[in-house]
Amino acid sequence: MAKKNSSDNPVPIKDILNKLTIEDLDIKGKRVFIRADFNVPLDDNLRITDDRRIRSTLPTINYAIDEGARVILASHLGRPKGKVDPRFSLAPVAKRLQRLLDKEVIFCQDCIGHQADNLVAKMKEGDVLLIENLRFHPGEEKNDEEFARALAKLADYYVNDAFGTAHRAHASIVGIPKFLPSAAGFLLKKEIEYLKGVVINPVRPFVAILGGAKVSGKIGVLENLVDKVDKVIIGGGMAYTFIKAMGYEVGDSLVETEMLDLAERIRARLIKNNVKFYLPVDCVIAQSIEAGSETKIVTTQEIPKGWRALDIGPASVKLFSEVIQDAKTIIWNGPMGVFEVDAFSRGTFAVAHAVSDAYALTIVGGGDTDLAVHRAGVSDSISFISTGGGASLQLLEGKELPGIAALTDKKET
Ligand code: AMP
């Protein structure tokens, strides 16, 4: 198939990020402000239930420590809405970091002000300080210039490693870089290399698997990928808007009426571009989403009134697996069904296994899909799992992330 920019070169492409990275900075002895994404889930006793977000930034933190920087770490946690709320304190993160780094992590109870200034002034080379939740101040989400200036005052350099927040124009993401030389951390760089690199220079066949609840959530990705991929697989709730748009009845399945025309137009564009387009051919249906409700497997053309499709069926799994098996590059975002409920989880887990078995570069994005590959026990055999849901979608939509745009261009030095 004569496809645009076909290549046998391995992805990701290096140097796709035309911004300074932490390795470009001379950070020895310098105060380095690292914006991380420590927005981890906590249980009712404020214990961290999943520390992957903390672990994913360790290469950047360890590098800064080893280089002899004074390391100032900052993050948001949850949505405290500009007020101090102990439920969203980063204190548990400080403790976990201490264990992961195997060294003392000084914790400052405010991210700006006297205490922060004093603690930073006392830091020695290689010391690590974590400042309290940035969103305890309303200036963070409002991108207030004074707040950004107060944060910038703490440091000589700014490093962004918070990919999960890079699509937000907040003070600690786009505000601080106005005042300091600013670079990407290793995680940020890796996310860009995979998510952007793969779309520019995929090894073919390049397959996109999209699922999840709604077409509207993935429409930007579809529009961007229409002339880049070789094959598109659509599962999850969004499939039924496409099937309905083709003129079939889909019972009570999820349909976005206002998206029907667009769904048809996209399908036409995919066909025009010679992109193979796969929709579920069968599905698991139920009258209610509740666990324990009666289920049936029917073809997607025979969904009765009062029933809704909540997972792809075995024939779709077989069809999708054939396509996946043949791929050399796979991007997957969105579950194939309501995988949170056992009865509707098989399709998603089967696709997770197919993706992990494929002899391909495999990229998974989105919180639900990330959870699904972990639950399926195949996360170790996925090439790259993005740490950012919204940010990864925005990149796949071909959009620039404010947090990346704000960093210092490479040629400026
Ligand atoms: P999204 O955030 O758009 O990726 O959607 C993820 C959600 O889509 C998950 O919580 C799934 O339960 C839901 N989902 C997947 N398939 C279906 C379906 N067939 N009907 C309704 N919801 C679905």
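Nothing fancy with the numbering, it's 1 onward along the sequence. Counting starts at 1 for both ligands and their atoms, following the listed order.
With ligand atoms numbered from 1 in the order given, ligand 1 contributes 16 (N), 19 (N) to contacts under 4.0 Å with heavy atoms of Gly236. Contact atoms of ligand 1 toward Leu310: 19 (N), 20 (N) (distance under 4.0 Å to a heavy atom of the residue).
There is no side-chain donor-acceptor pair under 3.5 Å between Gln287 and Ser293. A donor-acceptor pair shorter than 3.5 Å cannot be found between the side chains of His353 and Asp357. Defined by atom type and a distance below 3.5 Å, a donor-acceptor pair is missing between the side-chain atoms of Asp43 and Thr49. Defined by atom type and a distance below 3.5 Å, a donor-acceptor pair is missing between the side-chain atoms of Ser345 and Glu340.
Atom 17 (C) of ligand 1 has as its closest protein heavy atom Gly237 N, 3.2 Å. With hydrogens left out, the protein atom closest to atom 22 (N) of ligand 1 is Val338 CG2, 3.6 Å, a heavy atom. In this structure, atom 8 (O) of ligand 1 lies nearest to the protein heavy atom Ala213 N, 3.0 Å.
Of all the heavy atoms of Ala309, the ones lying under 4.0 Å from any atom of ligand 1 belong exclusively to the backbone. Proximity of Glu340 to ligand 1, defined as any heavy-atom pair under 4.0 Å, is confined to the side chain (atoms from C-beta onward). Proximity of Asp368 to ligand 1, defined as any heavy-atom pair under 4.0 Å, is confined to the side chain (atoms from C-beta onward). Contacts between Lys218 and ligand 1 below 4.0 angstrom, taking non-hydrogen atoms only, involve the side chain exclusively.
Residue pairs meeting the side chain to side chain donor-acceptor pair (under 3.5 Å) criterion with at least one member in residues 166-179, sequence neighbours excluded: Arg35-Ser172, Glu140-Ser172.
Nearest to atom 14 (N) of ligand 1 by heavy-atom distance, out of Gly366, Gly337, Pro280, is Gly337.
When atom types are taken as modelled, the side chain of Asp24 and the backbone of Thr21 share a donor-acceptor pair closer than 3.5 angstrom.
Considering only residues two or more places apart in sequence or on other chains, Tyr63 meets the ring-ring contact (aromatic ring centres under 6.0 Å, His included) condition with Phe186.
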